[in-house]
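Proteins get letters first, then strands, A, B, ... in listed order; numbering begins at 1 in each. Please read these numbers as outputs of a predicted model, since none were measured by experiment. Heavy atoms only: backbone and side chains are in, while hydrogens, waters and symmetry mates are out.
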Amino acid sequence: MIRIENVSKRYEKSYAVRNLSLTVAKGELCCLIGPSGCGKSTTLKMINRMIAPSSGTITVDGVDVHEVPVATLRRRMGYVIQSIGLFPHMTVLANIQVVPRLLRWEESRSRKRALELLELLGLSPDTYGGKYPAELSGGQAQRVGVARALAADPQILLMDEPFGALDPISREHLQNQFLAIQQELHKTIVFVTHDIDEAVRLGTKVALLRDGRLVQYGSPEQLLAAPADAFVKKFVGLDRALKRLSRLLAADFLHPANSVARQAPPELLEAEFRRLEGSDCARYLWVTDEENRLVGWVDGNNTTEKRLNMLEDLVEIDPADISVRPGYSLKQALAMFVQQSVACLPVVDDERRLQGEIRLADVLKS
Amino acid sequence: MTRRRRSLLPRTILLSAAAVYIVLASWGGIWERLLSPIMPDVQEYLYPRVGLWTLTWQHCVLVSVSSTLSILVGMGTGILATRSFGRDFLPAVNSLVSVGQTFPPVAVLALAVPSVGFGAEPAIIALFLYGLLPVVRNTVGGLEAVTPAVREAAMGMGMTELQALWRVELPLSAKVIMAGIRTSVVINIGTATIGATIGAGGLGAPIITGLASDNTAFILQGSILAALFAIIADAALDIIENQLGPASTQAGEKEDGQPQ
Ligand SMILES: Nc1ncnc2c1ncn2[C@@H]1O[C@H](COP(=O)(O)OP(=O)(O)O)[C@@H](O)[C@H]1O
Ligand SMILES: [Mg+2]
């Protein structure tokens, strides 16, 4: 647990942080958010003593951070910065092993750990372990930055705009992955961002700062539903309802998919459509191949009068265009509903295997 | 592959220059053979007082002692001036370095004699002072060029100042520092010839004697050997410099990598 008590940081002319009090409970992911220059980074860096507060105390599990030797303190906290700061002269593996080596872990153990983490972050150890940072893309480098912070299995993670430099697509992808990892690891995380969507998406708590002061602190739902003042309201934006969708995952709204195999005889197709009549998504049947991979759909409207003929009526689709992954947020799904003007979307896994479907009606209700 | 090809040229230079040097320094008669056709009036073709290998050894001592001191003190100063506690001195060190650069080496030598007297010591002091500057300049430059983000990461991971210096900052600036050392040593080898004017011996001795007694052969002997000496040292240090990691690992992180 991190407790920040009445902390201020004063520079010559002004306060960067002023009388800030904030408690982050164990396992919580607290997003510090606010406009540029509001003191987010300063707050974060006072926790691992990269910056010394002018007054106030910060304790971790009840112990004042200033009572712990500074190197020891930092080795217990993972630290990720926006500019990543990978060591250019070290391989990816060596970068991840920095803290374990500082802690004098046995080489075999620290190496094993580094390999596991690469795997966890979706980078193949064989391909990437021996690469140098200059050979990585922005998203890959950022993953290595996160892996490096997790290396010594710290209970606390401090992240300063870790995904800030990425393009929107890589960012969203990394956010999803990071959420999944956090669900497994339950770290106590302080996460700085200036992106309200990111904060709402990731945070279990959101702390909104303005000019070094705490304006509102609560769950994303509280912040969206009951903004404390006009500033918060403006900061959260007009699309508050839409933002809430970004916290909900497609996986939680999964319906069993109505599907037929590609080899199904016409009679079976007809029977299926009759069975579905009147239900929400009666128009479509998803069509899968032998291994349950999505290949297309048949449209019931086209086929009612005539005999059904799979070869003629099958509309092949590219799952990249018209399907969602279980890890997608409903906000992402909504975008696809609108874009494709459909009422139902198939949900597929990484191998294109059909997992189920989600319905526009559910999205609109939530 | 490219790394290998790059270091082939200095290797060739090193080996050929060393071979020529050994021949010229060991086989005294070669000077008369080579020089008599072009300068028939010369009385004596080989510097008579001390053997060429002895001069080489004296030169070696002058250069290695002064350069070792320059490197140790220069790197030390550069490192201290870039630490958080030494940062106040950085401007002073920087301006001292640039003032020192404009100082002619002969002047340094001339100033050293009155205070220390004749012999090898004043020459070593002068060479040390003059060789200091490239080392300090490149150490400061190399360390200052380490990206702040990398330093922040090093400290944020829980490295001590010394660990950050040793594991991150020095490896990243090694190439630049080595380039400074190379400049310093090569300048020192040339400058050390002037040491003969104040009785320090070395490859400058035949040059000075040749100038005094109007013997062009002696002058050539000293200058050719000194030049070869400098070429050998330059090539050797070039090889070391190139082995300090390819420059690409220092380019920092790119925004976009190539897809796998
Ligand atoms: N070393 C410094 N000296 C003076 N002012 C500073 C210093 N570092 C930060 N500040 C000021 O403190 C305020 C908060 O900075 P910071 O915490 O970095 O903001 P952000 O919320 O963008 O991360 C800013 O107004 C900044 O100008
Ligand atoms: Mg910041």
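Heavy-atom proximity under 4.5 angstrom to chain A picks out B:Gly156, B:Met157, B:Gly158, B:Met159, B:Thr160, B:Gln163, B:Arg167, B:Val168 from residues 156-168 of chain B.
In terms of non-hydrogen atom pairs under 4.5 Å with chain B, the most contact-rich of A:Lys45, A:Met90, A:Gln82 is A:Lys45. Looking only at heavy-atom pairs under 4.5 Å with chain B, the residue among A:Met50, A:Met77, A:Arg74 that has the most is A:Arg74. Counting heavy-atom pairs closer than 4.5 Å to chain B, the top-ranked of the candidates A:Asn48, A:Val99, A:Leu102, A:Val98 is A:Leu102.
If you check the side chains of B:Thr56 and B:Tyr21, you find a donor sitting under 3.5 Å from an acceptor. In summary, the side chains of A:Tyr79 and B:Glu152 do present a donor paired with an acceptor at a separation below 3.5 Å, with no hydrogens or angles considered.
The backbone N or O of A:Val68 lies less than 3.5 Å from a partner atom in the side chain of A:Arg49, making a donor-acceptor pair. In this structure, the side chain of A:Gln142 engages the main chain of A:Pro162 through a donor-acceptor pair within 3.5 Å.
Geometrically, A:Lys13 does not engage A:Tyr11 in a cation-pi contact, judged by NZ or CZ lying under 6.0 Å from the ring centre and within 45° of the ring axis. At least one test fails for A:Arg143 against the ring of A:Tyr128: distance under 6.0 Å to the centre or angle within 45° of the axis. With a 6.0 Å cutoff to the six-membered ring centre and a 45° limit on the axis angle, A:Arg10 counts as a cation-pi contact of A:Tyr15.
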